[in-house]
Trainee: 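I am attaching a structure below and will ask some questions about it afterwards.
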Amino acid sequence: MHIRGKVAVVTGAAGGIGRAMALRFAAEGAAGIVVADLDGDGAAAVAKEIGERAVAVQADVSVEGEVAALASTPFGPVDLFCSNAGVIAGHGLDASDAEWGTLFGVNVMAHVYAARAVVPGMVERGGGYLVNTCSAAGLISCPGDAPYAVTKAAAISFAEWVSIHYAGKGVRVSVLCPQGVRTGMLRRGVEEDHLTARAVGASGPILEPEEVAAAVVAGVEAERFFIFPHPEVPEYVRRKADDPDRWLAGMSRFVESL
């Protein structure tokens with residue numbers, strides 16, 4: 001799919017990767033962009049940067065009705081839905097039930113709600129596209145944050161299910177799986193000295209959100225399921241698949257070294 005002339009929704013778009021995607025889609029010639037975020041003022045600022053081809057919507061993606069409302073745009077039917085909003089807990093076994101619930105709501109169920117909202121219409125029109133931000137943590141886990149690793153893995157599993165059932169009906173799916181990206185989420189983790197943030201810093205380069213947005217455009221144009229802005233991630237995935245026991249032992253040593 002080419003972005004030019006298409007209508008896109010981007011959640012978590014007030015900053016970071018979401019903001020970069022919205023701006024890049026505008027530069028690629030998107031016909032309309034819904035800039036959605038829990039931070040309504042931040043979303044409005046991004047929409048203002050884009051101009052008349054964008055509209056800002058304050059939305060809590062853990063609430064199905066608010067996600068469903070994003071499918072009704074002033075620009076027409078949604079061609080591309082980027083379910084990008086995500087949250088992190090920073091805890092392991094000490095994570096509370098409330099934290100687990102919050103992360104499942106934002107990191108997993110938001111993707112489910114988006115698919116429910118737009119896939120039937122895409123099928124009727126003969127096609128459409130979903131991009132789900134899932135993180136490399138969904139493929140190779142992540143030190144420190146149990147709810148984040150688990151929910152990102154679940155998000156990838158759901159995206160696989162959607163692709164299996166709807167690719168034949170014209171709906172394409174990509175999962176975005178970066179490692180470290182210079183976002184507010186990472187900055188907070190560094191400031192609070194989270195184990196997860198230390199692991200990200202030790203795992204490879206920290207990319208700018210704009211680099212990730214460029215990878216998204218390239219991945220969507222090529223209609224690739226996995227979008228890997230960090231080229232080392234596929235190699236980590238291969239090592240895990242080739243010898244899971246060795247990989248787990250290596251990850252354990254990595255955690256002990258942090």
Side-chain angles (χ1 to χ4, degrees), residues 1-4 6-13 17-18 20-22 24-25 28 30 61 67 78-86 106-123 125-142 148-181 203-204 207 209 211-242 244 247:
M1 173 185 280
H2 293 281
I3 306 298
R4 179 170 296 278
K6 301 300 191 296
V7 175
V9 174
V10 185
T11 67
I17 295 171
M21 284 198 291
R24 181 59 185 259
F25 294 164
E28 293 289 324
V61 297
V67 176
V78 176
D79 300 298
L80 170 63
F81 196 110
C82 296
S83 190
N84 169 75
V106 176
N107 294 352
V108 181
M109 293 309 299
H111 299 302
V112 177
Y113 299 153
R116 286 177 180 169
V118 300
V119 166
M122 290 176 175
V123 171
R125 295 189 300 276
Y129 215 115
L130 303 177
V131 174
N132 295 348
T133 299
C134 296
S135 172
L139 292 167
I140 54 175
S141 193
C142 71
Y148 188 78
V150 171
T151 55
K152 291 300 185 178
I156 291 173
S157 183
F158 177 69
E160 290 172 342
W161 185 93
V162 174
S163 182
I164 289 167
H165 287 80
Y166 290 96
K169 299 176 182 178
V171 178
R172 298 290 181 260
V173 184
S174 291
V175 289
L176 173 61
C177 297
Q179 283 196 137
V181 183
S203 298
L207 299 184
E211 295 177 275
V212 178
V216 170
V217 170
V220 168
E221 289 182 347
E223 298 188 351
R224 293 193 299 268
F225 181 77
F226 285 113
I227 299 176
F228 292 123
H230 293 77
E232 59 269 30
V233 172
E235 175 61 18
Y236 297 156
V237 174
R238 184 192 64 77
R239 293 177 189 174
K240 177 183 175 181
D242 285 349
W247 173 79

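Small disclaimer: the values here were computed from a predicted structure and weren't measured.
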Trainee: Testing the basics here: between Ile227 and Val220, what is the closest heavy-atom pair and its distance to 0.1 Å?
Mentor: CD1-N, 4.4 Å
Trainee: Looking at Gly180, is its backbone amide N or carbonyl O close enough to the side chain of His230 to form a donor-acceptor pair, meaning the two atoms are under 3.5 Å apart?
Mentor: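 Confirmed, His230 side chain pairs with Gly180 backbone.
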Trainee: Are Tyr166 and Val123 close enough that some pair of their side-chain heavy atoms sits under 4.5 Å apart?
Mentor: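 Yes, their side chains come closer than 4.5 Å.
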Trainee: What's the shortest heavy-atom distance between Lys152 and Ala137, and which atoms?
Mentor: CB-C, 4.4 Å
Trainee: Return the CD to CG distance between Glu235 and Asp242, rounded to the nearest 0.5 Å.
Mentor: 8.0 Å
Trainee: Starting at CZ of Arg172, measure out to OG of Ser163 and round the result to the nearest 0.5 Å.
Mentor: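 If we round to the nearest 0.5 Å, Arg172:CZ and Ser163:OG are 7.5 Å apart.
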Trainee: Any side-chain heavy-atom pair from Val233 and Pro178 closer than 4.5 angstrom?
Mentor: no
Trainee: Any side-chain heavy atom of Trp247 sitting closer than 4.5 Å to one from Ile140?
Mentor: yes
Trainee: Say whether, by atom type as modelled, one donor and one acceptor occur between the side chain of Asn84 and the main chain of Thr133 under 3.5 angstrom.
Mentor: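 Checked: no pair found.
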Trainee: Taking all heavy atoms of Cys134 and all of Ile156, pick out the closest pair and write down the distance.
Mentor: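 Nearest heavy atoms, Cys134 then Ile156: CB-CG1, 3.5 Å.
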Trainee: Taking only residues two or more places apart in sequence, or in another chain, which ones meet Tyr129 in a side chain to side chain donor-acceptor pair (under 3.5 Å)?
Mentor: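 In terms of side chain to side chain donor-acceptor pair (under 3.5 Å), with neighbours along the sequence ignored, Tyr129 is linked to Ser174.
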Trainee: Could you pull out the closest heavy-atom pair between Leu130 and Ala115, with the gap in Å?
Mentor: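 The answer is CD1-CB, 4.3 Å.
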Trainee: Is a side-chain donor or acceptor of Ser135 paired with a backbone partner of Cys177 at a separation under 3.5 angstrom?
Mentor: no
Trainee: Give me the atom names and distance for the closest heavy-atom approach of Asn107 to Tyr148.
Mentor: ND2-CD1, 4.0 Å
Trainee: Set out, in order, the CA-CA distance, both residues' side-chain angles and the distance that settles side-chain contact (heavy atoms from CB on, under 4.5 Å) for Phe158 and Val112, then state yes or no.
Mentor: CA-CA 8 Å; Phe158 177 69; Val112 177; 4.0 Å; yes
Trainee: Using the rule given for side-chain contact (heavy atoms from CB on, under 4.5 Å), can you reason through Leu139 versus Phe226, listing the C-alpha separation, both sets of side-chain angles and the distance that settles it, and then say yes or no?
Mentor: CA-CA 11 Å; Leu139 292 167; Phe226 285 113; 3.8 Å; yes
Trainee: Between CE of Met21 and CG of Leu80, what distance do you get to the nearest 0.5 Å?
Mentor: 8.5 Å
Trainee: What's the separation between atom CD in Gln179 and atom SG in Cys142, rounded to the nearest 0.5 Å?
Mentor: 10.5 Å
Trainee: Using salt bridge (charged side-chain N to carboxylate O under 4.0 Å, His left out) as the criterion, list what pairs up with Arg125, not counting sequence neighbours.
Mentor: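 For Arg125 there are no salt bridge (charged side-chain N to carboxylate O under 4.0 Å, His left out) partners, ignoring immediate neighbours.
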Trainee: Within the structure provided, determine whether Thr151 and Val106 are in side-chain contact (heavy-atom separation under 4.5 Å).
Mentor: no
Trainee: Rounded to the nearest 0.5 Å, how far apart are NE2 of His111 and OG1 of Thr11?
Mentor: 8.0 Å
Trainee: Within the side chain of Asn132, is there an N or O that forms a donor-acceptor pair under 3.5 Å with the backbone of Val175?
Mentor: no
Trainee: Mind checking side chain to side chain donor-acceptor pair (under 3.5 Å) for Arg224 and listing every partner two or more places apart, or none if nothing turns up?
Mentor: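 None.
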Trainee: Can you see which heavy atom on Val10 is nearest to which on Gly18, and at what distance?
Mentor: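 Closest approach of Val10 to Gly18: CG1-O, 3.6 Å.
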Trainee: Once you round to the nearest 0.5 Å, how far does CD of Glu28 lie from NE2 of His2?
Mentor: 10.0 Å
